[in-house]
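Everything on this sheet refers to the single structure shown next.
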2 protein chains.
Amino acid sequence: MAQSGPNHSSGENLLFLTDEQLRKGIEAMFFAYRGFTADPDRILEEYGYGRAHHRALHFINRSYGTTVNNLLTTLGVTKQSLNRVLRGLIADGLVEARVGRTDRRERNLFLTEAGQDLERKLAEAQRVRMRAAYRAAGPQAVAGFRQVLEAMMDDDIRRTYQSLKDNR
Amino acid sequence: MAQSGPNHSSGENLLFLTDEQLRKGIEAMFFAYRGFTADPDRILEEYGYGRAHHRALHFINRSYGTTVNNLLTTLGVTKQSLNRVLRGLIADGLVEARVGRTDRRERNLFLTEAGQDLERKLAEAQRVRMRAAYRAAGPQAVAGFRQVLEAMMDDDIRRTYQSLKDNR
DNA sequence: AATCTTATGTCAGCCTTGTTGACATTCCAA
DNA sequence: TTGGAATGTCAACAAGGCTGACATAAGATT
């Protein structure tokens, strides 16, 4: 388990983990996630895309040349679902799927220029809000934010997340 | 990436707000939210319900006797969408809608015994994970977590959130 | 060479949950 | 009395999940 920071047993943690405190955290997640997706959603609407397209663009950009199977695992959806989205992005010239070089069954995915443009636009919209939130809360709060989020992930996803974490 | 760091001004914030750091925060939100909803989702499936039902149960439980309009605002969906969900919950005997006493156009919403049972079950599943994450990250991290999430909300939603914050 | 397996794509159909638009009912308030 | 607010309902549609079935290509194994 993700064990890092200071820990329990200290008496001060008793009040801390009341259902009431937990409920506030739960609601904060719900409301914050809405804010988190709101700005990209508005942009996507102009293009006739949805969140699924955003996620695909993000992770293709992020893991240059990734395969369809990799993407499936990261996104946690079925191939049919992803395929529908990819088909649209490829048809619109935002994504390119090249036959794999070592294994020709695989398709390596790339963003075209246009794809990179949209990805940048979406990412920047999301960063603006994230940056503002980070600024408002301060560095120490951000560290805590990341720690809690990381501890909240499913184990296998946390591994995926961490493997993506620092490779750029 | 075309352009990297934002990097204005304030000394210690320099390294802090790189696009890279922001991207990690964005991915953390995405992956953590999946974990956050995973446990309730499994329970809901057994009952043939979806997340929309969970949200309705949560906020009806939370704001005893709330009106449909209040709920709409909190949930951020259309009345038609909410109505479909409420109809199901009422038909299944989990929610009761009583005609308003002061304004008889309004419907006051309550959980029945069965509704409270399911709500408790869902909430506890979600709390288990949240509690584990809080424990793993420690009190200071939790404070930061809450600060950043709050700063990430839309302004009007933050007001709603804060008004719900301490009234119990 | 034949066969098994993997990676991917595609078709069809279903579900939840969001949307709009139109229209009815109830009932408070001016 | 009349306007408007709160609510409900019906219909239609879309996005984006899902399952199941089947096709194709190509790597892997026997």
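Since the structure is predicted, the reported quantities are computational estimates derived from the model, not experimental observations. So that the names make sense, note that chain A is the first sequence line, chain B the second, and so on, each numbered from 1.
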**Q.** Phosphate OP1/OP2 of D:dG16 contacted by A:His53 side-chain N/O (<4.0 Å)
**A.**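 Indeed, a polar side-chain atom of A:His53 lies that close.
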
Q: Give a yes or no on whether a donor-acceptor pair under 3.5 Å exists between the nucleobase atoms of D:dG16, that is its base, and the side chain of A:Arg55.
A: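 Looking at the base of D:dG16, it does not pair with any donor or acceptor on the side chain of A:Arg55 (distance under 3.5 Å).
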
Without decimals, in angstroms, what is the distance between [X] [atom1] and [N] [atom2]?
X: A:Asn69; N: D:dA26; atom1: CG; atom2: C1'; result: 15 Å
X: A:Arg84; N: D:dA14; atom1: CZ; atom2: P; result: 13 Å
X: A:Asn83; N: D:dA15; atom1: CG; atom2: C1'; result: 16 Å
X: A:Leu72; N: D:dG17; atom1: CG; atom2: P; result: 12 Å
X: B:Arg104; N: D:dG8; atom1: CZ; atom2: P; result: 14 Å
X: A:Glu106; N: D:dG27; atom1: CD; atom2: P; result: 10 Å
X: A:Gln80; N: D:dG17; atom1: CD; atom2: C1'; result: 11 Å
X: B:Lys79; N: D:dT9; atom1: NZ; atom2: C1'; result: 9 Å

Q. For DNA chain C, what residues of residues 35-47 of chain B have any heavy atom nearer than 4.0 Å?
A.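 Correct list: empty, so none.
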
Q.
Looking only at the side chains, is there a donor atom on one of B:Tyr47 and B:Asp92 sitting less than 3.5 Å from an acceptor on the other?
A.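 No, because no side-chain N or O of B:Tyr47 sits under 3.5 Å from a partner of the opposite role on B:Asp92.
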
Checking [X] now: which residues fulfil salt bridge (charged side-chain N to carboxylate O under 4.0 Å, His left out) with it, not counting sequence neighbours?
X: B:Arg84; value: none
X: B:Arg127; value: A:Asp19, B:Glu124
X: A:Arg42; value: A:Asp39
X: A:Arg104; value: none

Q: Any pair with a residue in residues 43-57 of chain B that passes salt bridge (charged side-chain N to carboxylate O under 4.0 Å, His left out), sequence neighbours left out, goes on the list, sorted by first then second residue, please.
A: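 Matches after skipping sequence neighbours: B:Asp41-B:Arg51.
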
Q: Could you pull out all residues at least two apart from A:Arg34 that satisfy side-chain hydrogen bond (donor to acceptor under 3.5 Å, both in side chains)?
A: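 side-chain hydrogen bond (donor to acceptor under 3.5 Å, both in side chains) list for A:Arg34, sorted by chain: empty.
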
Pick out the pairs of N or O atoms, protein on one side and nucleotides 28-30 of chain D on the other, that lie under 3.5 Å.
none

Q.
Rounded to the nearest 0.5 Å, what separates atom CE in A:Met130 from atom CD1 in B:Ile26?
A.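 The distance works out to 4.5 Å.
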
(Q) How long is the straight-line distance from CZ of B:Phe110 back to CZ of B:Arg98, given to the nearest 0.5 Å? (A)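 Between atom CZ of B:Arg98 and atom CZ of B:Phe110 there are 4.0 Å.
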
Q. Counting only non-hydrogen atoms, which of residues 87-94 of chain A are less than 4.0 Å from DNA chain D?
A.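 Correct list: empty, so none.
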
Q) Name the one of B:Arg62, B:Glu119, B:Gln116 that satisfies side chain to side chain contact (heavy atoms under 4.5 Å, CB included) with B:Leu57? A)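 Only one option passes, and that is B:Glu119.
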
**Q.** Contact check, side chains of A:Ile60 and A:Leu86, non-hydrogen atoms, under 4.5 Å
**A.**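 A side-chain contact exists here, since the closest heavy-atom pair is under 4.5 Å.
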
Q: Please list, chain by chain and in numerical order, all residues satisfying ring pair (Phe, Tyr, Trp, His ring centres under 6.0 Å) with B:Phe30, sequence neighbours excluded.
A: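 Partners of B:Phe30 by the ring pair (Phe, Tyr, Trp, His ring centres under 6.0 Å) criterion, ordered by chain and then number, come out as A:Phe59.
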
Q | Nucleotide range of DNA chain C lying under 4.0 Å from chain A heavy atoms | A |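 Taking any atom under 4.0 Å from a heavy atom of chain A, the span is C:dT6 to C:dC11.
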
Q) On DNA chain D, nearest-nucleotide positions of A:Tyr49 versus B:Ala97: which is more 5'? A)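 Nearer the 5' end of the strand: B:Ala97.
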
**Q.** B:Ala114: side-chain contact (heavy atoms from CB on, under 4.5 Å) partners, not counting sequence neighbours
**A.**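 If we apply the side-chain contact (heavy atoms from CB on, under 4.5 Å) test to B:Ala114, skipping adjacent residues, the hits are B:Leu94, B:Thr112.
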
Q | Lys/Arg N to Asp/Glu carboxylate O, B:Arg158 vs B:Asp155, below 4.0 Å | A |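 Looking at B:Arg158 and B:Asp155, the cut-off is met.
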
